[in-house]
Structures are given as C-alpha cells and as structure tokens.
Amino acid sequence: MGSAGSEAAFLERNAAESLPAGALAALLEKASSEGRQLRVKLGLDPTAPDIHLGHTVVLQKLREFQDLSHRVVLIVGDYTARVGDPSGRSETRPTLSGEEIEANARTYESQAFGVLDPDASRYELRFNGEWLDMSMADLFRLAATTTVAQMLDREDFATRYAAGTPISILELLYPLMQGYDSVAIDADVEIGGTDQTFNLLLGREIQRAYGKPEQAVLTLPILPGIDGVEKMSKTKGNAIAVNDPPEEMYGRTMRLPDEAMDTWFELLAIEDPGGDPRERKRSLARSIIARFHGEGEAESAEEAFDRQFVDHEVPLEVEDVSVTVEGETAHLPAVLAEAFSISRSEARRLLGQGGVRVDGEVLDSEELDVPVSRLDGMVVQLGRRQFRRITAKTS
RNA sequence: GGGGGAGUGCCCGAGUGGUUAAAGGGGACUGGCUGUAAACCAGUUGGCUCUGCCUACGCAGGUUCGAAUCCUGCCUCCCCCA
C-alpha cells in the first residue's frame, strides 16, 4: 500500500492519535484504488465566528487532506446552536437567530479560507439543521444507539457526575447529534482536538448503528493559549485570533511562556530557527503574522513592538478619544474612565499605583483635578499597553 | 411522592447575629526586576460627588438596635429513599 501508507504517515506525523490503528491508511488506500475522494469532516460552533490559532491547527490538517485531493466537509452546528446552551451551567449562551448563525458561519468560512482551499471540488459547507430537525421517532432511534454507561465513559461527564455537577440530558444528546452528522454526510474521516476524542469515536458507533461504514478518527493536540497552559479560547482571553491586528498578535505572542514555544512551533507547523529564547519567540511572532497578514505586516509589527517595549516610546498609532470636560480643570478619574472605558474607582486605583502616564511621565496621584491643557491633545498611557490620545471637549 | 444538603465577590472557597466590602487560594491588574517569558518582591481587585457615603453574600418578604448569618415563601442544584 505504498503511497497510501506514506500519506497516512504524513497526515499522522503531528497528530495525537489516529484511531483505530491503521484505519486511515486503509481508507486512503481504498479511496485511491476506487478513485474517489475521502470525505473529511470537521464540525464547528457557529456561536464563535472568530477563528483563533487553536482552530487553525485543525484547519491546517484539513488543508493537508485537501492537498492530497480529498474533500473537506465543514459542518455548521446551526441546529445545535439554536437549541441553546448545551452545558447548562456555563454562562448563558444566547440562543442565536438563523441570520446570526448564517452570518457567523460565513465569517468563519471566510477566515477559514486563510488556511483551507475554497475550491468547490475539495470543499463543502453544510448546516446540520438540514438533518437534525428530525421527528421524535427519528430521535428515538438515535437515542437508542447509545447507553448511559457509554456516555459516562467520557471523562468530563464522569468527573462531573462524580462531583455532583449537573449534566443536562441535552448535553448527553450533543455527542449523539454530532455522531449523527457523520451518518448524514457519510464521513470517512473526522478530525478534532484531543478533547473531542470521545465524540469522534462515538460517531463510529452511531455510523455502525445506522449501517454505515465507520469513520477514521484523527485527533490533534490542543494548542495552549498565550498563558501556555489552558486550551486556547476566546472566552478565557488567552487566544490570538487570525484577524487580530498584527501589533496585537506580536505582543501577545511575546507573552507566551518559553515552555510553550516548542508546542506552538510544532502544532502551528512553523519552522523553529533555534537560538536564544527571545529570538526564537520573535521569529515565532513574525511567522504567525506573516501567515495571516503577510511579510510586510510582520516587519512593521516587530518595529512597532520594539518602539513601544524596547525603546519605551509612544506607539506611532494611538487611538483618539474625545472626552467631555467642564471648565478649565479636568477631573482625572472621570477623564480616564471615559477614555479607557473603566470605572472611576478603577481609574483612581491605577492613579494611586503609578499606572497612568502622560507623555511618558507618571501622573501624580495626589492631584485628581488638573488643568485641561495638561491633557488636551496628549497621549495618555494606562498600565503597560493601553494608549489613548485625548481630545478635550467642553460641554 | 418522601427525606437530607447546598446556593457567598471574576472562579474556587471560609464565615452561622455585631470592628465583614466579607478569611484563604486561583486568576486578573499595577509597580519593581526583565526578554510584554519564567521566577521573585510590593500592592490592587463592587460603585461613587472618596479621610466619607451607597450597594452587596440565589430572589422576595419578615424578626432584631443590628443579619451573609435567624424565620417564611419562591427559584435553582445535589444526594438518598420510593
């Protein structure tokens, strides 16, 4: 099985697991001998339209399949999203309207095309409402495929169950719906992070229950966020989104702990130049920006970074804000609160901690009322990395 | 249907009538050091017209000079029994 074997090895090289063993190679072989494409599935959550680096790890893998001329099927979980909050206890996830989901999906899609090949012969986008809007009878059939014991095999369910944390029936239904997606689109392969292992494998069970061939499962390691520990996610604030501005990408990458660099280089498939940690990280940052914004942007982001954090100068581009003042004196807490969208109390705290600068000079926390001329047209720095150019506007 | 337990600040988690804006930890933020890394040191982490005032311990009432702490109703969750 020569080439199919080496293709499998290539695809599996940076994967966490390829299950069951040998299945992927066998599928590639079969596809090649039958002259057909493999259908490679990825489900996505339409509540989070912005793609971050963590998503790109999986997308990159899909791209590799495409480059081997297989077909990627992205599934938008519009139906599951409309049902509402799956994890009963996480912050109320607003149920989205059809239009919002559609819009999110399109945003996601356009961002994903930064990595994926949009060619229609190798790409397909589907909404699972197409088949999940099923009758009770159909749901019964689906629900009968799996036992509670099987569900409790999943580690997070088992943990939560043991800890007495609520698990809604709806949540138990989610893996089933995801598995049914594989039935509906005849998935040959499904890809996901290692945290999806259970769901992906359950998809096999469900396919079998419906008399379909079982998909191969390829899991990829989870990319840690810029805290270097937790899974990258927007809500945890440790993500770098592919459409973040270059300067922000650069700065956020530089905050990555050294220990996480190896993982990032490997999972993002960026060449590691070696050398001292600082240079490696700078190179990592440039490569990330180059990938999503181009070489030129990478250069200028680095220059902006050096200017701001190595030379400690005010950035070239600073956001302008106009702030309302009364008369000739400005009340600092009020001005800062308005300019940076924080509370006045927080502004006072920052002032007291020496965290506010005007033109590089720390503001005296004793004087809360200053002449307007001291602020008007000046660049105010809050903490280490927030800058605003203030324009005073008399009310 | 019955019995028991629980709901505290961004998160976890102490506190069972008074000096509690609420211990401790985590996270986050600020300052120092530095490579916007790690480690470490110091501090902050409800709001405001800020040497004080207001609002807060699931929700709504009540008892009391005084409640997160006691009582009543409601909501939510967990466990056990049927």
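In what follows, chains are A, B, ... by sequence order, proteins preceding strands, each numbered from 1. Small disclaimer: the values here were computed from a predicted structure and weren't measured.
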Original post:
What is the distance, rounded to the nearest whole Å, between atom CZ of A:R384 and atom P of B:C29?
Top reply: 7 Å
**OP:** Please say which of A:E7, A:E266, A:E64 ends up in a salt bridge (charged side-chain N to carboxylate O under 4.0 Å, His left out) with A:R13.
**Re:** A:E64
**OP:** Using a heavy-atom cut-off of under 4.0 Å over every strand shown, decide if A:R348 touches base, sugar-phosphate, or nothing.
**Re:** base
Original post:
On a whole-Å scale, what distance lies between the C1' atoms belonging to B:G31 and B:G9?
Top reply: 25 Å
Original post:
So, A:E109 versus A:Y123: side-chain donor-acceptor pair below 3.5 Å or not?
Top reply: yes
Original post:
Any side-chain N or O of A:S345 less than 4.0 Å from the OP1 or OP2 oxygen of B:C50?
Top reply: no
Original post:
Which nucleotide, in any strand shown, forms a Watson-Crick or G-U wobble pair with B:C10, with both distances under 3.5 Å?
Top reply: B:G26
**OP:** Could you check which nucleotide pairs with B:U63 in any of the strands shown, counting Watson-Crick or G-U wobble with both distances under 3.5 Å?
**Re:** none
**OP:** Please measure how far the C1' atom in B:G7 lies from the corresponding atom in B:U69, and state the result in whole Å.
**Re:** 14 Å
**OP:** Please state the P separation for the pair B:G17 and B:A6 - nearest whole angstrom.
**Re:** 15 Å
Original post:
B:A38 and B:U34: how far apart are their C1' atoms, nearest whole angstrom?
Top reply: 10 Å
Original post:
Is A:R385 near enough to B:C29 that one of its side-chain N or O atoms lies under 4.0 angstrom from OP1 or OP2?
Top reply: yes
Original post:
Are A:R286 and A:E302 within salt-bridge range, i.e. N to O under 4.0 Å?
Top reply: yes
**OP:** Return the value, rounded to whole Å, for the distance between atom CD of A:E346 and atom C1' of B:C50.
**Re:** 16 Å
**OP:** Look at all strands and tell whether A:G251 reaches a base, only sugar-phosphate, or nothing, counting heavy atoms closer than 4.0 Å.
**Re:** base
Subject >> Nucleotide B:C48, atom P - distance to CZ of A:R349 in whole Å >> reply: 9 Å
**OP:** Quick one: label A:R357 by what it contacts on the DNA or RNA (base, sugar-phosphate, nothing), any heavy atom closer than 4.0 Å.
**Re:** sugar-phosphate
Subject >> Test item: A:D188 side-chain N/O and A:V40 main-chain N/O as donor-acceptor pair under 3.5 Å >> reply: no
Subject >> Watson-Crick/G-U partner (both atom distances under 3.5 Å) of B:A21 >> reply: none
**OP:** For A:P257, report the nucleic acid contact type (base, sugar-phosphate, nothing); a contact means any heavy atom under 4.0 Å.
**Re:** sugar-phosphate
Original post:
Mind checking the C1' distance from B:C57 to B:U8? Whole angstroms is fine.
Top reply: 4 Å
Original post:
Contact class for A:R255 vs. all strands (heavy atom < 4.0 Å): base, sugar-phosphate, or nothing?
Top reply: base
Original post:
Which base sits across from B:C77 as a Watson-Crick or G-U pair, both distances under 3.5 Å?
Top reply: B:G5
Original post:
Considering only heavy atoms and no angle criterion, is a donor-acceptor pair shorter than 3.5 Å present between the side chain of A:Q353 and the base of B:G31?
Top reply: no
Original post:
Should B:A38 form a Watson-Crick or G-U wobble pair with both distances under 3.5 Å, which nucleotide is its partner?
Top reply: none
Subject >> Electrostatic pair A:D272-A:R280, nearest N-O below 4.0 angstrom >> reply: yes
